[in-house]
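Naming convention: chains lettered A, B, ... in sequence-line order (proteins, then strands); numbering from 1 in each chain. Predicted model, so just to flag it, every value in this text is computed and none were measured.
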Number of protein chains: 2
Amino acid sequence: MRVKVLGKPSFQEAAEALKRSIAEHMVAIVVGRCTARYQGRSTSSLGEGDRLLIIKEDGSVLLHRPSGYSPVNWQPSTSIIEAIGDSEGLRIKAVRSRPREILEVHFNHVEMLVLIGGMVDDAEFIEYMDEHLIRDLLAEEPWLLEKGLRITEKEKAVRNGYIDLYGVDSKGKPVIVELKRVRASREAVIQLKRYVDYFSGELGVKPRGILAAPSISSDALRLLSTLGLEYKKISLRRLYKRVWERRKGGLEAYEGKGTTGAAADNGNKGRKYSEEKRGG
Amino acid sequence: MRVKVLGKPSFQEAAEALKRSIAEHMVAIVVGRCTARYQGRSTSSLGEGDRLLIIKEDGSVLLHRPSGYSPVNWQPSTSIIEAIGDSEGLRIKAVRSRPREILEVHFNHVEMLVLIGGMVDDAEFIEYMDEHLIRDLLAEEPWLLEKGLRITEKEKAVRNGYIDLYGVDSKGKPVIVELKRVRASREAVIQLKRYVDYFSGELGVKPRGILAAPSISSDALRLLSTLGLEYKKISLRRLYKRVWERRKGGLEAYEGKGTTGAAADNGNKGRKYSEEKRGG
DNA sequence: GCCTTGATGTCGCGT
DNA sequence: ACGCGACGTCAAGGC
């Protein structure tokens, strides 16, 4: 990591440094006073204020105000970036082709410029208990959802979208499970309804529809019963514990999806889960 | 704006500086090598790498990798932040109470620390052509949507949600308009269907359902016709031009919603639009 | 490329 | 606080 700091550079100096930094895929931070204009999917204009502009290695551009989580203006990684410095100020223009979007940031004061080269970050980001992992666990251990339930397919593609879990209950009735890792809203109910409708129409059989979530809004629950669907409460904490036990127990790897490094797809997409334990 | 830069500070120095910066609501940037752990709504762990940590005035925490739009880990503004520096490293812990979330970032190398005090940013952020503005324009000038259409209500609350525009067509038939600023997908069609169904059931009258959007996916269009609903293409560019003309023409203010500064709610929420011009 | 879904989504508004 | 919908959502995965 090589860091270079320019304090109160001239606009020309700043522009030159930025150009080099962009060409060499460095990370640049501009601290100063600016305005911004955006045109593309929407149109916005931002008055003058003190901000933080970050240009990343891949050309992502983030303009941050002194407060708040989200950038006030930005450009995703696919953008082409220009920096122009003249007597009037430092202009940074980031253009994206598809969709066509232009972000222009105009600094009339640059307090500081930081250039960072050679940042190395190959590390794996592991996320536990995303929906994917919950789905895999419940596919392997469907009794956590309901006694006697047998799951035959995960992420089953249907015309309408994707069914999280599909299977058969103890009485031989088909079951569609829609999974949410957060409180279920009306939207989730509607999503489930869609899949159930598809099956009713396509196969002539009305399957049970189960919405599995840690909690559900009262409105959603009401709608659910109106539509003849079911709610099954799940405990993320309990599922997480179960995943952890499995990993310790040396069963199959439940590593969670890594954004970098080895993926943990255990490749049993079409596998049938024949044995149903009654260990609950 | 006061900026202070510490190059390769000791962990203790860095922690002290950060504590001060947090207490005084400054903006701080840490450049260095770190790992991170998060636990709360989800759980994640991030291996060692070179990153950018930003702590804002309101206590927002953003941990950015050298690439990509979104932070790899973060904490929104409501968090309480601790900084501890010892021989092993610099630890930053950001805790949020509701929901309970903890983010810990552990730097084993600090390349640079930047502290920025007194950032001033009161500027207004103006966004043109969000859905709200389009809705207001079309409510005022419904002939842009269809000749003879009369809009009686905006954002009409019904059991199912909110109808963007509600009115009556030239033949006296009720019309429900669902508006999308972006390409309409199947979801939008389903949303519209819901409202139409509500009206059919509740009032015993089947209204026309119009999906107004700049474009529509082929699947969504197919579904739309199956359901007996209509698609009306709108041109954002044209609408934008119209808004601009109105503003220039000195009609009512169409300022777009400002996140800071004066809001532009022209307060005609329940207003009826009696006159229908046939100027199209 | 289009389409669909998930997300620690975030944000803003209304009740 | 919850509920709900928009977002320049972003990002990933299928086709």
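- Residues satisfying the ring pair (Phe, Tyr, Trp, His ring centres under 6.0 Å) test with A:F199, not counting sequence neighbours, are A:Y166.
- When side chains are defined from C-beta on, B:H64 counts as touching A:L62, because their heavy atoms get closer than 4.5 Å.
- By the side-chain contact (heavy atoms from CB on, under 4.5 Å) test, B:R98 is found to be paired with no residue, residues two or more places apart in sequence or in another chain being considered.
- Near DNA chain D, defined here as any heavy-atom distance below 4.0 Å, the residues from residues 174-186 of chain A are A:R183, A:R186, listed numerically.
- Checked against side-chain hydrogen bond (donor to acceptor under 3.5 Å, both in side chains), B:Q39 has no partners two or more places apart in sequence or in another chain.
- Remark: B:R181 engages A:S42, B:I134, B:L236 in a side-chain contact (heavy atoms from CB on, under 4.5 Å) (not counting sequence neighbours).
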Identify each donor-acceptor pair in which a side-chain atom of residues 67-76 of chain A lies under 3.5 Å from a protein atom, sequence neighbours left out, and give them as a table.
{"from": "A:N73", "atom 1": "ND2", "to": "A:S44", "atom 2": "OG", "distance (Å)": "3.3"}
{"from": "A:Q75", "atom 1": "NE2", "to": "A:A94", "atom 2": "O", "distance (Å)": "2.9"}
{"from": "A:Q75", "atom 1": "NE2", "to": "A:E101", "atom 2": "O", "distance (Å)": "3.4"}

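- Look at the P atom in both C:dC11 and D:dA11: the space between them is 16 Å, to the nearest Å.
- Between A:S218 and A:Y38, it is A:S218 whose nearest contact on DNA chain D lies nearer the 5' terminus.
- Residue A:G40 is classed as having no contact, given no heavy-atom separation below 4.0 Å to the nucleic acid.
- The stretch residues 68-77 of chain A touches DNA chain D through A:N73, A:W74, A:Q75, A:P76, each having a heavy atom under 4.0 angstrom from the strand.
- In this structure B:R237 satisfies the side-chain contact (heavy atoms from CB on, under 4.5 Å) test together with B:S235, sequence neighbours excluded.
- Shown for residues 189-200 of chain A: residues whose heavy atoms fall under 4.0 angstrom of DNA chain C, namely A:Q191, A:R194, A:Y195.
- C:dG6 and C:dT10 are spaced 14 Å apart, taking the C1' atom of each and rounding to whole Å.
- Residue-level contact check: B:T43 touches neither bases nor backbone, having no heavy atom under 4.0 Å from any strand.
- In this structure A:Y231 satisfies the ring pair (Phe, Tyr, Trp, His ring centres under 6.0 Å) test with no other residue, sequence neighbours excluded.
- Distances shorter than 4.0 Å separate some side-chain N or O of A:R41 from OP1 or OP2 on D:dC10.
- Going from the P atom of C:dT8 to that of D:dC4 covers 22 Å, rounded to whole Å.
- Within the 4.0 angstrom heavy-atom criterion, no nucleotide atom of any strand lies near A:S44.
- Residues meeting the side-chain contact (heavy atoms from CB on, under 4.5 Å) test with B:I80, sequence neighbours left out: none.
- A:D58 and A:S60 are linked by a side-chain donor-acceptor pair at a separation below 3.5 angstrom, with hydrogens and angles left out of the test.
- Every residue was checked against the ring pair (Phe, Tyr, Trp, His ring centres under 6.0 Å) condition with B:Y198, not counting sequence neighbours, and none meets it.
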